[in-house]
Number of protein chains: 2
Amino acid sequence: MKTQKRDAEASKRAIITHAIALFSEKGYASASMDELAKRCGLNKAMVFYYFKNKKGLYEAVMQEVLDQIQEAVMEENKTHTRPKDELAGFIRTYAKFACEHPYLPALLLKELSDSGAVVPDMLFGSMRKLFALFSDILKRGEEQGCFEDAVPMILYFMVLGTLNLMVTTKPLRLKAAQLDDIALDTCAECDIDEIADYIVEKMMYMLKEKNR
Amino acid sequence: MKTQKRDAEASKRAIITHAIALFSEKGYASASMDELAKRCGLNKAMVFYYFKNKKGLYEAVMQEVLDQIQEAVMEENKTHTRPKDELAGFIRTYAKFACEHPYLPALLLKELSDSGAVVPDMLFGSMRKLFALFSDILKRGEEQGCFEDAVPMILYFMVLGTLNLMVTTKPLRLKAAQLDDIALDTCAECDIDEIADYIVEKMMYMLKEKNR
DNA sequence: TATAATTAACCAACCAGTTAATTGATTAGA
DNA sequence: TCTAATCAATTAACTGGTTGGTTAATTATA
């Protein structure tokens, strides 16, 4: 593998990689294509050469990110059989991924807070699969009698909402912990695994209220 | 009350009102001050006359919105004494307000997904009070033995995350319900009160796992 | 030589913010 | 009560900088 002066694949990948970081830092509107090109060390025209639009690039970014989290969760899911373990695995895997790739929560919250203003069509195309898995776990859990009264859509957003917010607000919570009186615990020290475990535990209580 | 050609208070109020709508629709960066002025039927310079900056206006907007939700929740809270009722009231009141004023979830999610990039200082100044109330309810609940093992920060984001996402994604979920196969229930028909009731119910199960 | 990758220079549209002049209401003085 | 002065509210026109996007020429590779 010799280092060429020209490598289309490498350029394209560099653009996507830096675009993920930039979009999640600044948001769609504030992300400048000039700055992106500068970060990549490429000419700005390259961005439009490989991706038609800013919007086209953003779609590619969202696709990439959603594919990544999807694959991580789906792959982990194979290692379980019982719905309870599947649910716990889903939550812990999402939490771990979100913590290691903090652009995911940032991008997702921004997109969802607009009801997918930028990429409405593809958003629930890609997100549907994750939700379908989550929904299926709960459904099978109910059939097998280990879950009760599950409303997948609400519970899905409960898991994603809590985890995404805990990840994105971490800097804010750290700052608050320093300034604030001691009375309020902002959970600044908690690491993501503890948080995930807590959510898993509480989720189990929620879903099997009677049969214990 | 005669209709004057000049009314400073009315102009200022018009700017804030339309700014709330505009910021929550477009986000901070994409909200144009030219368009804002056009929506208000005022000259653009008026915006900078009453509020120094775009940022200054945005801060005023966030202050207004956070004050509104705060007052609504605080006021309702006075009607209860038992922590369980207080918690239920908190959730239902926030849900109702968020549904009737959908700009709140949009603005809040956008701001939190940046860890308060635009107005970091004032954000947790204003949000702290709401969280302090929530935290206090749980604490008193634990002292009185009706709640167990509560981690206020996580539970707070669980409530806000779920409700805010359910409100902002409503159009998306409605659209998905039409296109999607029937297998996936996106909760498109649920109204906010049902959702709030569900969360309250599940929350209660979470918080009193042993003593029932 | 043909083609894919890369570049510099450019453009019109839009942006937040300014300025200096103008208009309307309020008030003080006669 | 009329008027002149004062001050707050409002405006049109402008600015310098940035934006997404284009184009035509140039380079490297096969």
Side-chain angles (χ1 to χ4, degrees), chain A residues 1-62 107 110-111 114 117-120, chain B residues 1-62 107 110-111 114 117-120:
Chain A
M1 190 189 292
K2 56 185 173 185
T3 43
Q4 297 174 129
K5 284 198 173 180
R6 297 190 169 191
D7 186 340
E9 214 52 47
S11 298
K12 203 171 176 180
R13 190 155 288 266
I15 293 175
I16 285 213
T17 304
H18 287 92
I20 290 179
L22 190 62
F23 278 130
S24 61
E25 283 172 30
K26 311 270 184 112
Y28 177 77
S30 296
S32 150
M33 306 315 260
D34 286 86
E35 190 186 341
L36 173 61
K38 212 167 288 171
R39 286 195 189 186
C40 297
L42 295 172
N43 190 283
K44 183 171 66 149
M46 297 298 290
V47 176
F48 299 91
Y49 179 68
Y50 288 114
F51 311 87
K52 282 165 259 176
N53 281 339
K54 183 181 187 180
K55 192 181 159 191
L57 171 62
Y58 183 72
E59 283 184 19
V61 161
M62 290 301 289
L107 286 171
K110 273 170 196 140
E111 198 58 32
D114 284 329
V118 188
V119 281
Chain B
M1 191 189 294
K2 58 185 172 185
T3 41
Q4 296 173 129
K5 283 200 173 178
R6 297 191 170 191
D7 187 340
E9 215 52 46
S11 298
K12 203 171 176 180
R13 188 153 288 267
I15 292 174
I16 285 214
T17 304
H18 286 94
I20 290 178
L22 190 62
F23 279 130
S24 62
E25 283 171 30
K26 310 271 185 112
Y28 178 77
S30 296
S32 151
M33 305 314 261
D34 285 86
E35 190 186 342
L36 173 61
K38 213 167 287 171
R39 286 196 190 188
C40 298
L42 296 171
N43 190 284
K44 182 173 63 150
M46 297 299 290
V47 176
F48 298 91
Y49 179 68
Y50 288 114
F51 311 87
K52 283 164 257 176
N53 282 340
K54 183 180 186 180
K55 192 181 161 191
L57 171 62
Y58 184 73
E59 282 183 20
V61 161
M62 289 302 288
L107 287 171
K110 274 170 195 141
E111 198 58 33
D114 283 328
V118 188
V119 282

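Residue numbers begin at 1 in each chain, while the letters A, B, ... track the order of the sequences.
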Checklist outcome for this item: Whole-Å distance, B/Lys44 NZ to D/dT10 P, equals 17 Å

Checklist entry - Is B/Asp114 salt-bridged to A/Lys26, cutoff N-O under 4.0 Å? => result no

Checklist entry - Within the structure shown, what part of the strands sits under 4.0 Å from B/Ala29 by heavy-atom distance: base, sugar-phosphate, or nothing? => result nothing

Checklist entry - When all nucleic acid strands are considered with a 4.0 Å heavy-atom cut-off, which category describes B/Ala31: base, sugar-phosphate, or nothing? => result sugar-phosphate

Next on the checklist: By nearest atom, which of the nucleotides D/dG20, C/dC15, D/dA12 is closest to the B/Ser32 side chain?
Outcome noted: C/dC15

Checklist outcome for this item: What one should report as the nearest heavy-atom pair of A/Tyr50 and A/Ser11 is CE1-CB, 4.1 Å

Checklist outcome for this item: Of A/Met33 and B/Asp7, the one whose closest nucleotide on DNA chain D sits nearer the 5' end is B/Asp7

Next on the checklist: Counting the atoms with a prime plus P, OP1 and OP2 as sugar-phosphate, which does B/Phe51 contact under 4.0 Å by heavy atoms, base, sugar-phosphate, or nothing?
Outcome noted: nothing

Checklist entry - What is the distance, rounded to the nearest whole Å, between atom CG of A/Leu36 and atom C1' of D/dT19? => result 14 Å

Item to check | salt_bridge(B/Arg13, B/Glu9) N-O dist < 4.0 Å | outcome: no

Checklist entry - Any Lys/Arg nitrogen of B/Lys110 or B/Glu25 sitting under 4.0 Å from an Asp/Glu carboxylate oxygen of the other? => result no

Checklist entry - Which of these nucleotides, C/dA8, C/dA5, D/dT10, is closest to any side-chain atom of A/Tyr49? => result C/dA5

Checklist entry - For the pair made of CE in A/Met46 and P in C/dA8, what is the distance, rounded to whole Å? => result 12 Å

Next on the checklist: Under 4.0 Å, heavy atoms only, any strand: does A/Ala45 hit a base, just the sugar-phosphate, or nothing?
Outcome noted: base

Item to check | A/Ser11 side chain near C/dA5 phosphate (N/O to OP1/OP2, under 4.0 Å) | outcome: no

Item to check | Distance in angstrom units between A/Lys54 NZ and D/dT19 C1', rounded | outcome: 8 Å

Item to check | Value in whole Å for how far the C1' atom of C/dT7 lies from CZ of A/Phe48 | outcome: 15 Å

Checklist entry - Expressed in angstrom and rounded to an integer, what is the separation of A/Asp34 atom CG from C/dC14 atom P? => result 18 Å

Checklist entry - Rounded to the Å, how far apart are B/Arg6 CZ and D/dC7 P? => result 15 Å

Next on the checklist: Looking at D/dG20, I'd like to know if its phosphate oxygens (OP1 or OP2) sit under 4.0 Å from a side-chain N or O belonging to A/Asn53.
Outcome noted: no

Checklist entry - C/dC15 P sits how many Å from B/Leu22 CG, rounded? => result 10 Å

Checklist outcome for this item: Closest non-hydrogen contact found for B/Ala60 with B/Ile16 is CB-CD1, 4.1 Å

Checklist entry - C/dA8, D/dG21, D/dT11: which one has an atom nearest the side-chain heavy atoms of A/Asn43? => result C/dA8

